[in-house]
Amino acid sequence: MDAGLLILRLVVGLLIAGHGVQKVSFRLGGKGLAGGTEEFRGDGFRGGRLTALTAGASQIGSGLFLAAGLLTPLAAMAAMGVMTVAGTVKWSKGLWVQNDGYEYPLVLVVASASLALAGPGRWSADHALAVTRWPVWISVAVIVLGPASGLLTRVVLHRTAPAREGTQQPPSAR
């Protein structure tokens with residue numbers, strides 16, 4: 001079981017961290033911070049560079065902590081949050097990834113939740129620090145709070161489409 005948890009942590013954690021690296025640099029096929037900023041703007045988010053930098057840092061940090069098995073429930077919560085946001089961007093395209101759907105972010109959210117519940121295993125930083133088991137209530141709380149924070153982020157940072165020139169805005173939007 002410990003070998004399986006190690007493999008799961010390494011693959012999921014490093015993939016999430018890799019997404020973050022792409023958001024803020026030219027490494028791993030990224031388009032630099034300017035490209036990450038444009039990606040968020042194109043997806044309808046406000047905040048520009050700060051949004052891209054925060055998302056990238058969250059992905060890098062949560063991914064590396066998951067891979068190491070360090071503060072596993074908190075790392076899983078952050079990973080679930082950022083990947084929930086990614087899923088909301090792809091929601092309108094349906095489930096399947098070949099249609100640019102939310103399948104992949106969903107798999108990463110579920111894998112992170114599974115790690116929060118199962119724990120990181122013996123071959124982890126948590127175990128080396130003598131944290132052999134996190135209380136179940138912490139795992140359950142992070143499984144709720146992670147996606148909830150992602151949905152809240154989406155609501156707070158997503159801007160409504162500006163009215164096109166020549167169209168009438170409803171009175172509530174003026």
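Bear in mind that the values here come from a model prediction, so they are computed numbers and not experimental data. Counting begins at 1 with the first residue of the sequence.
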Linked hydrophobic residues, Val155 as query - side chain contacts closer than 4.5 Å: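 Grouped by the 4.5 Å side-chain rule, Val155 forms a cluster of one, so the answer is none.
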What are the two closest non-hydrogen atoms of [X] and [Y], and how far apart are they?
X: Gly69; Y: Pro120; answer: CA-CB, 3.9 Å
X: Val109; Y: Met80; answer: O-CG, 3.6 Å
X: Ile138; Y: Pro73; answer: CG2-CB, 3.9 Å
X: Ala55; Y: Phe40; answer: CB-CZ, 3.4 Å
X: Val142; Y: Ser139; answer: CG2-O, 3.2 Å
X: Gly18; Y: Leu28; answer: CA-CD1, 3.7 Å

Qualifying side chain to side chain donor-acceptor pair (under 3.5 Å) pairs with a residue from residues 41-64, counting only residues at least two apart or across chains: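 The answer is Glu38-Arg41.
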Set of residues satisfying side-chain contact (heavy atoms from CB on, under 4.5 Å) with respect to Ala67, sequence neighbours excluded: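 Partners of Ala67 by the side-chain contact (heavy atoms from CB on, under 4.5 Å) criterion, ordered by chain and then number, come out as Leu10, Leu14.
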By side-chain contact (heavy atoms from CB on, under 4.5 Å) - contacts of Val11 (at least two apart): Ile7, Leu15
CG-CG distance between Leu66 and Leu74, expressed to the nearest 0.5 angstrom: 10.5 Å
Reported NE2-to-OG1 distance for the pair His158 and Thr88, which is rounded to 0.5 angstrom: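 His158 atom NE2 to Thr88 atom OG1 measures 7.5 Å (nearest 0.5 Å).
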Contact list for residues 50-75, test ring-ring contact (aromatic ring centres under 6.0 Å, His included), sequence neighbours left out: none
All pairs passing ring-ring contact (aromatic ring centres under 6.0 Å, His included) where residues 4-37 contributes a residue, at least two apart: His19-Tyr104
Verdict with reasoning, Leu106 to Leu95, per side-chain contact (heavy atoms from CB on, under 4.5 Å): CA-CA 9 Å; Leu106 177 62; Leu95 174 63; 4.2 Å; yes
By the salt bridge (charged side-chain N to carboxylate O under 4.0 Å, His left out) test, which pairs, at least two apart or in different chains, include something from [range]?
range: residues 136-154; result: none
range: residues 116-141; result: Asp2-Arg122
range: residues 100-113; result: Lys90-Asp100, Lys93-Asp100
range: residues 9-28; result: Lys23-Glu39

Donor-acceptor under 3.5 Å (Ser25 side chain, Gln22 main chain):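 No; zero donor-acceptor contacts below 3.5 Å.
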Residues that Trp91 engages under ring pair (Phe, Tyr, Trp, His ring centres under 6.0 Å), provided they are two or more places apart: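 Ring pair (Phe, Tyr, Trp, His ring centres under 6.0 Å) check on Trp91 returns Tyr102.
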Hydrophobic clustering (ILVMFWY, side-chain heavy atoms < 4.5 Å, transitive) - are [Y] and [X] grouped together?
X: Leu71; Y: Leu129; value: yes
X: Val97; Y: Val12; value: yes
X: Val89; Y: Val82; value: no
X: Ile143; Y: Leu8; value: yes
X: Leu50; Y: Val24; value: no

Name the atoms and distances for all side-chain donor-acceptor pairs under 3.5 Å in residues 111-119, with sequence neighbours left out.
{"unit_1": "Ser112", "atom_1": "OG", "unit_2": "Leu108", "atom_2": "O", "d": "2.8"}
{"unit_1": "Ser114", "atom_1": "OG", "unit_2": "Val110", "atom_2": "O", "d": "2.9"}

